[in-house]
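To start, the structure under review is shown below, and the notes come after it.
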Amino acid sequence: MAVDVERMRHSSAHVLAEAVLKLFPGTKVGIGPAIDDGFYYDFLFPTPITNEDLPAIEKEMRRIIAGNHPFVRREVSKEEARKLFADQPFKLELIEGLEEGTISVYEQDGFIDLCRGPHVETTRDIRPDAFKLRTIAGAYWRGDEKRPMLTRIYAYAFASKAELEAHLKMLEEAERRDNRKLGKELDLFSTHEEAGPGLIYWHPKGGRFRVELEKWWRDEHFKNGYEILFTPHIGKSWLWETSGHLGFYKGNMYSPMTIDEEDYYIKPMNCPFHIMIYKNSTHSYRDLPLRWAELGTVYRYERSGVLHGLMRVRGFTQDDAHIICTPEQIEDEIAEVLRFSLAMWKTLGFKEIKAYLATRPQDSVGEPARWDQALESLRKAVEKEGLAYEVDEGGGAFYGPKIDLKIKDAIGREWQMTTIQFDFNLPERFDMTYTDKDGQLKRPYMVHRALLGSIERFFGVFIEHYAGAFPLWLCPEQVAVIPVAPTFSDYAKKIADELKKRDIRVKAMLSDERMNAKIRDAQNQKIPYMLVVGQKEMEENQVSIRYRDGRQENGVSFERFVGQVLDKIATKALDL
RNA sequence: GCCGGGAUAGCUCAUUUGGCAGAGCGGCGCACUCGUAAUGCGCAGGUGUCGGGUUCGAUUCCCGAUCCCGGCUCCA
């Protein structure tokens with residue numbers, strides 16, 4: 001089934017190319033593969049086109065599809081292929097990269113494309129109501145920014161109209177949850193172009209969320225055997241030369257500032273600082289493992305076109321940690337980090353998690369034997385937790401293998417969050433050692449890990465996962481007290497004060513607006529509990545609860561409500 | 001950084017051959033005193049992102065910059 005959709009998408013791409021060549025003669029064609037939700041095709045147009053041209057192209061595609069043209073495969077020699085695509089420079093380049101005897105072309109309705117296949121039988125196998133041209137975008141030929149920029153036409157395509165519609169609905173939902181939109185509506189954060197793009201300003205409500213999150217994060221780390229470090233934001237070039245960052249990471253670092261004729265760099269990573277602390281004294285095998293964590297704020301240069309709300313920024317706080325241990329300890333340590341991470345995601349309400357194991361790339365440092373051991377410990381840990389995983393061959397960093405965890409959000413999108421990375425590089429470069437049982441100085445293992453990834457990005461994903469309706473314990477405002485009329489403001493205020501004393505975040509809505517307006521406001525702010533109070537409640541020391549989800553419960557004793565809320569907060573309940 | 005599209009009040013958006021810039025929400029004021037998603041009336045709020053150019057005259061046309069959006073590339 002999945003294969004069929006993919007075939008259909010790929011065949012649709014051919015139809016798109018045919019339509020484009022018909023409507024815009026002289027266009028040069030690039031490649032047109034199937035992608036997760038449809039397909040695309042890259043073109044070099046004689047004159048630029050715009051989104052307004054898409055309907056005409058789509059119409060032409062439908063016409064072609066209706067013609068019921070078979071897709072005919074033919075194997076050709078390299079020589080023949082060159083002749084067939086004599087006026088298509090991109091195809092000629094592709095042909096040069098192919099081996100004689102493996103070259104095939106597909107033809108439908110007189111349009112021939114270089115293609116491995118497979119394809120559907122005829123154009124009729126493409127559902128004309130299950131695809132939709134989406135947008136045009138620039139894309140470099142073969143993804144290389146030094147090569148020509150082509151015009152890519154994207155399309156959604158599915159096996160049925162219903163699936164297309166479901167997908168469009170998901171996209172609409174994603175738009176509704178967009179962290180940039182909700183960040184504004186819920187007054188959580190902002191960015192300021194005049195003060196620097198890609199830098200996040202946390203407003204009081206975002207700040208409240210963050211403080212609660214970090215409080216929990218710290219507690220959990222202490223419980224799990226970590227100590228917490230604080231390190232500087234800048235360091236002299238010596239540090240970055242030693243670490244190698246000035247060699248391989250300079251493109252992402254900001255220009256240095258000069259202090260007393262020395263160059264200082266603002267940190268793009270925390271690791272060198274943690275190592276300084278390690279090297280502040282000698283270490284015995286008895287001291288290990290060390291688990292050192294820091295909510296470390298780093299700054300990285302990101303090219304202007306890639307910044308995106310909270311998801312991609314230039315300054316962010318990693319929930320970073322470094323584990324320094326002996327080779328014998330490494331397996332347990334990895335398993336422990338993974339278990340810890342999964343426990344955190346569970347508390348935060350994310351259930352579907354997938355692991356990606358990245359192995360040794362072409363260029364790498366460290367002995368292969370250590371890589372193998374490290375990889376094995378990663379694999380064992382993943383298997384022990386019963387996680388589904390994929391292996392990304394050669395996808396590791398040059399300094400070590402890693403596990404990345406991708407979490408699935410409420411509308412099915414995957415986000416890479418947790419990363420656990422071995423580092424065979426820094427311990428060497430900084431000459432980190434410990435004294436082993438036998439009195440010999442040995443090199444410890446070092447693992448970098450970030451569980452949430454970065455606080456900013458995590459906040460973005462969290463906002464979108466919950467569509468702004470956070471679990472109670474992380475809500476900036478947990479309770480809104482709404483008097484039915486100004487007469488009951490005093491009682492509302494008393495209730496609010498009482499809740500405040502119990503550390504519940506409450507807002508008494510005492511303006512002279514009407515009750516309905518306040519409810520609407522509180523509802524839009526996604527405040528979990530609205531307490532509506534009037535004559536009856538005042539007389540009986542009760543509250544009337546309106547839940548964020550619309551449920552309602554009247555005549556609840558105030559004490560019962562307090563008990564309920566405190567319990568939900570204490571247990572970090574995901575429901576209300 | 002590159003391709004394409006944008007930038008108008010705090011927010012969401014109107015404003016055609018180039019001729020004094022408009023609404024809703026929000027804010028402020030006044031009135032209303034209300035039982036589960038918007039009470040009514042009034043007032044204030046703009047160097048139309050910034051810098052050049054064309055023109056008698058530019059929010060509108062042209063050029064450049066900045067930032068934003070969709071992609072490419074990259075990535076926590």
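Chain naming here is simple, since letters A, B, ... match the order of the sequence lines and numbering starts at 1 in each.
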With hydrogens left out and only the distance checked, is there a donor-acceptor pair under 3.5 Å joining [X]'s side chain and the base of [N]?
X        : N      : result
A:Arg520 : B:rA38 : yes
A:Glu302 : B:rA76 : yes
A:Glu537 : B:rG35 : yes
A:Arg303 : B:rC74 : no

So, is [X] near the phosphate of [N], with a side-chain N or O under 4.0 Å from OP1 or OP2?
X        : N      : answer
A:Tyr140 : B:rG1  : no
A:Arg152 : B:rG4  : no
A:Arg314 : B:rC75 : no
A:His192 : B:rC67 : no
A:Arg180 : B:rG70 : yes
A:Lys181 : B:rC11 : no

Distance in angstrom units between [X] [atom1] and [N] [atom2], rounded:
X        : N      : atom1 : atom2 : value
A:Tyr299 : B:rA76 : OH    : P     : 18 Å
A:Lys406 : B:rA76 : NZ    : P     : 12 Å
A:Phe488 : B:rU36 : CZ    : C1'   : 15 Å

[X] side-chain proximity, nearest of [options]:
X        : options                : value
A:Lys536 : B:rA37, B:rG35, B:rA76 : B:rG35
A:Glu513 : B:rG26, B:rU12, B:rC34 : B:rG26
A:Met149 : B:rC3, B:rU33, B:rU39  : B:rC3
A:His308 : B:rG70, B:rG1, B:rA37  : B:rG70
A:Val306 : B:rU39, B:rC11, B:rG1  : B:rG1
A:Arg514 : B:rA76, B:rC68, B:rC34 : B:rC34
A:Pro197 : B:rA37, B:rC68, B:rC72 : B:rC68

Is the side chain of [X] donor-acceptor paired with the backbone N or O of [Y] at a distance under 3.5 Å, no angle test?
X        : Y        : value
A:Arg134 : A:Tyr156 : no
A:Ser341 : A:Leu338 : no
A:Arg548 : A:Phe470 : yes
A:Arg314 : A:Glu302 : yes
A:Glu294 : A:Asp319 : no
A:Tyr154 : A:Phe39  : no
A:Lys132 : A:Glu58  : no

Along RNA chain B (nearest heavy atom to each residue), the more 5'-positioned of A:Met515 and A:Gly305
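Looking at the nearest nucleotide for each, A:Gly305 comes out on the 5' side.
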
Nearest heavy atom decides the nucleotide; on that basis, is A:Ser544 or A:Asp178 closer to the 5' end of RNA chain B?
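Result: A:Ser544.
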
If [N] has a Watson-Crick or G-U wobble mate with both distances under 3.5 Å, name it; if not, just say none.
N      : answer
B:rU73 : none
B:rC67 : B:rG6
B:rC30 : B:rG40
B:rU55 : none
B:rU15 : none

Which is true for [X] with a 4.0 Å heavy-atom rule: it touches a base, it touches only sugar-phosphate, or it touches nothing?
X        : result
A:Arg142 : nothing
A:Glu185 : nothing
A:Asn524 : base
A:Leu452 : nothing
A:Val298 : nothing

Centroid distance under 5.5 Å and plane angle under 30°, A:Phe316 vs B:rA76:
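The base of B:rA76 is stacked with A:Phe316 (centres under 5.5 Å, planes under 30°).
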
